[in-house]
Amino acid sequence: MLNPDFFSNLNQEQLEAAAFKDGPAVCIAGAGTGKTRTIVYRAAKLISEGIPPERILLLTFTRKAANNMSERAKQLADSVQGSIRSGTFHSFATYVLKKFYLEAGLKRSFTIIDTSDSKQILGSLRKNYFKNNTYNSKPPTNSTLQKLFSACAAQKLSLKELINTEHTHFEPFLKEILQIKDDYKSYKSENSLLDYDDLLLKTVELFSNDERVLQLISSEQDYIMVDEYQDTNFLQAEMLRLLGHFNHNIMVVGDDSQSIYAFRGAEFKNLSDFPNLFKEAKTFRLTQNYRSTQNILNASNHLISKASEGFKNKLETENPEGSKIAIVPCMNEEQESLFICKRITDFLKSGIKPKEIAVLFRAGYHAFRLEMMLKTINLPFVKWGGFKFLESVHLKDIISYLRIINNPWDKLGWLRVLMDIKGIGLKRATDISEELARSEEPFDFSNIPENFINTELSLLQQTMLQISSQNFTQPSLILNAITDYYLKNVMKKKFDNYTERLKDIDALAAISLSFDSLDDFLTSIILEPPENMQNLNLASQNEQSEDSITLSTVHSAKGMEWEAVFIISAVQGRFPNFKALKSKEEIEEERRLFYVAMTRAKKHLTITLPQEVSDFASNISTSQPSQFISELYCDSCETWKLLP
DNA sequence: CCAGGGCGTCTTTTT
DNA sequence: GACGCCCTGG
C-alpha cells in the first residue's frame, strides 16, 4: 500500500512527472528539486496500480543511486512482494551477455577484467612496439593506451580520428598504436575476456544484430527508468534506443548542469537529445529547490549562469535566506585545516549532528592535511572516493588466487600469483601461465620445464589443488584458505606493513560472506567495487557514520546533501584542476563540478582558499583563488579575514 | 633471466 | 606516500 504521507510531499511539478504513465519521457530535474523522491514515487505508484515490481527496471550509472532508490521504493509500497530490478548499465549488460552468450558469440564463462587488468595486458603487448627510439616525443604509456581505447569505444570514434583531433602528439605512433589495439582485441577474444567497454559494446552489437534477443530481453520489463541520464555515454544511449524498439515506457531523468563525467565519455547532450531519439517524448521540469537557502542558491545560480551550454535551469526556493556564504582566504593548508576544525567544532556545539557536516574537495589527496589534523583532535570522519580499495596490490593478489580457483585456465590470474614466487619473473610466469592455460587438467604442472620448479612453486600447486579438491561453495571459505597461504608464504616477505594490509583482507572476507558462489562474488566485485573500507561492513558503517563527519570528493558526493558543507582548496590549479586549464570544455566541466559541490549544502556553505599549497602534481607554490570564486561572488557571499 | 635498488611519476574524477 | 619502470649485478 502507498504511504499516504508521500502524496503531500510532492508539489505540482513533481506530481505531474510521477503520475506520468505510458510512453517515453524526459525529466529535467535541478539539484535538490526532489528528483529521487519523484522517481521513487512513480515506481511506487506503478506498483500500487498492479505492475509487479520486478517488471520495473531502474538503470543508473553508479550502484549507490540504484540501491538507494529501490530501497526507498520498497519502503513506500511495503506490502508488495518482490523488488524492483535495478542496476548499472554494466551489470545489466552482463546479465544480458550471460543469458545470451551464444548469440553474442561468447563462451559461457567469459571473464570480466577491470582497468588495471587491461593495463597489465597492454603493458605486455606494448613490449613488442616503440622499439626504435627515433622519435623525439614520448610514446603512450600502458595507462594512456587504455584511456585512448576506452575513449574510442565510449565516443564511437575511430582511433585515427581520436588521435588526429585530440591527441596529435601521438600521430607518429599511430600505426603502432593501431597494431596494439588489434593485438589487444585478439588477446581478449582468445582468452574470453571482456573489459568494461566490451560489456556495453557487445550488448549493443547483440541488440542491433539479433532482434529475437532484443525482443526477449525487452519482454522482461514494462517500465524502464534511467537516473543521472546526463552521465551516460554514446553506447548507453544506444542501448536505450534499441530497447526502445519494444519498450516504449522509458523515462530518463537528469540535470545537464550536473554533468561531471565527460572524462569517461559521458555526453550530457544525451539529455537534451532524448526527444530526438524518442519523438513523442514528453518533457517535465523540476525547478523548485527544497534543499538550500536562498543565499546558497543565489550564488550557485550565479556561477552556473557563466556556463556556455545547457538548459540553465534556474533554481528557485521558498526557503529562508539563511547565512551568507563564507569565502575564507587562508595563508596555507595548515591554517586552512585549523580553521575548518575550529568551525566544525563550533557547528557541533551549536547542535548540528556530525553526519550533517561534509568537507568536499576536487581530488582525494587535497584532504591529506586535514585528515591528519582531524585524527590529532580525535574528530571521527569517513572518507569517500579517492583511494581505490580493490586496486591495492595485496587485494589484487588475493583476488588473483580466487580467480584461479574459479577458473584454473585464467592466465592473467596465474601471472600475478606466479610472480610472487622467488625465481619467477615476468618471462617464466608468462611461459608457465601459457602452459597451464593449454593443459587439459586443472593445475597440471607436468609440462612445466623442470628448472622452473622449486619448493615454493610446488607448494603453490599443492595448495591450489587442495583448496579446489575441497569443493567449497562458500567464497568466504575459499578466501580463508587462500589468506592462510598468502599470509604465510607471500605477505610477510612482500610488505613491511603487512598487519595493516591484513585488515583490508579481513574486510574483503566480510563482503564475501554475503555471496554463495565464487563466480558471483568475483563478478560483483569487478562490476561494483566497494569504494572504501568504511562501506565494506555496513553495520559498522552505520554506527560509525552517526558520529562521523564526511570527507568526500565532489564526484562521490553527487546526490548527497548536508546541513553544513565546506569546499576546500578552492585555488586555481586544484579546483579547477590544473589539467583542465588548457581546454574550454574541461573548464566548463570543472564549473559544473563546483556547482554540484555548492548545491550539496542546505544551510551553511564555507569555501576556503589557501594561498600557498605544496602540490607535487602541479608544482604550485603560491596560488591564485579559483576563478569560480569571482564567478559565484554576489551579495550572498562575504569574505572572512582570519587572524594570522 | 631474475632480484633489488634507485628514480621518476603520478592523483582528478568511475564502471 | 605508493607504485611502476629502468638499470645493474649476479
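Computed from a predicted model, the values in this text were never measured in an experiment. Order of the sequence lines fixes the chain letters, A, B, ..., with proteins taken first and strands second; residue numbering starts at 1 for each chain. All heavy atoms count here, side chains included; hydrogens, waters and symmetry mates do not.
Between A/Gln146 and A/Lys427, the residue anchored closer to the 5' end of DNA chain B is A/Lys427, taking for each the nucleotide with the nearest heavy atom. Between A/Asp197 and A/Glu590, the residue whose closest nucleotide on DNA chain B is further toward the 5' end is A/Glu590.
Atom pair A/Lys147:NZ and B/dT15:C1' shows a separation of 15 Å (rounding to whole Å applied). Between the CD1 atom of A/Ile526 and the C1' atom of B/dT14 there is a distance of 14 Å, given to the nearest Å. When the P atom of B/dT15 is taken as reference, atom CG of A/Asp198 falls 18 Å away, rounded to whole Å. Taking atom CG on A/Leu551 and atom C1' on B/dT13, their separation rounds to 16 Å, with Å as the unit. Rounded to an integer number of Å, the gap from A/Arg369 CZ to C/dG1 C1' is 14 Å. Rounded to whole Å, atom P of B/dT9 lies 16 Å from atom OH of A/Tyr365. Per the geometry, NZ belonging to A/Lys119 stands 14 Å off C1' belonging to C/dA2, to the nearest Å. Summarising the geometry, the separation between NE2 on A/His90 and P on B/dT15 is reported as 9 Å, rounded to the nearest angstrom.
For A/Tyr486 and A/Tyr401, the ring centers are positioned less than 6.0 Å apart.
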Derivation and outcome, side-chain hydrogen bond (donor to acceptor under 3.5 Å, both in side chains), residues A/Arg85 and A/Gln221: CA-CA 9 Å; A/Arg85 291 174 61 208; A/Gln221 56 271 317; 2.8 Å; yes

Side chain to side chain contact (heavy atoms under 4.5 Å, CB included) between A/Tyr187 and A/Leu412, intermediate numbers included: CA-CA 11 Å; A/Tyr187 185 95; A/Leu412 226 46; 3.9 Å; yes

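The pair A/Asp117-A/Arg403 meets the salt-bridge criterion, since a charged nitrogen lies less than 4.0 angstrom from a carboxylate oxygen. Using a 4.0 Å cut-off between a side-chain N of Lys or Arg and a carboxylate O of Asp or Glu, A/Asp420 and A/Arg416 do not qualify as a salt bridge. In summary, A/Glu228 and A/Lys35 engage in a salt bridge, as defined by a charged side-chain N under 4.0 Å from a carboxylate O. Salt-bridge formation is not detected for the pair A/Arg592/A/Asp256: no Lys NZ or Arg NE/NH1/NH2 atom is positioned less than 4.0 Å from an Asp or Glu carboxylate oxygen.
In the set B/dC1, B/dT15, B/dT14, the nucleotide with an atom closest to the side chain of A/Thr88 is B/dT15.
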Can you name the atoms? Protein N/O to nucleotides 3-10 of chain C N/O, anything below 3.5 Å, with the distance.
| residue | atom | partner | partner atom | Å |
| --- | --- | --- | --- | --- |
| C/dC5 | OP1 | A/Asn142 | ND2 | 2.9 |

Protein N or O to nucleotides 3-5 of chain B N or O, pairs below 3.5 Å:
| residue | atom | partner | partner atom | Å |
| --- | --- | --- | --- | --- |
| B/dA3 | OP1 | A/Gly423 | N | 2.2 |
| B/dA3 | OP2 | A/Ile424 | O | 3.4 |

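With sequence neighbours left out, the ring-ring contact (aromatic ring centres under 6.0 Å, His included) criterion links A/Tyr95 to no other residue.
The stacking criteria are not both satisfied for A/Tyr261 over the base of B/dT14, which would need a centre-to-centre distance under 5.5 angstrom and an angle between ring planes under 30 degrees.
Residue A/Thr115 is in base contact, counting any heavy-atom pair closer than 4.0 Å across all strands shown.
You'll find the side chain of A/Ile505 reaches within 4.5 Å of the side chain of A/Met491, heavy atoms only.
Remark: A/Ser556 is in phosphate contact with B/dT14, judged by side-chain N or O atoms under 4.0 Å from OP1 or OP2.
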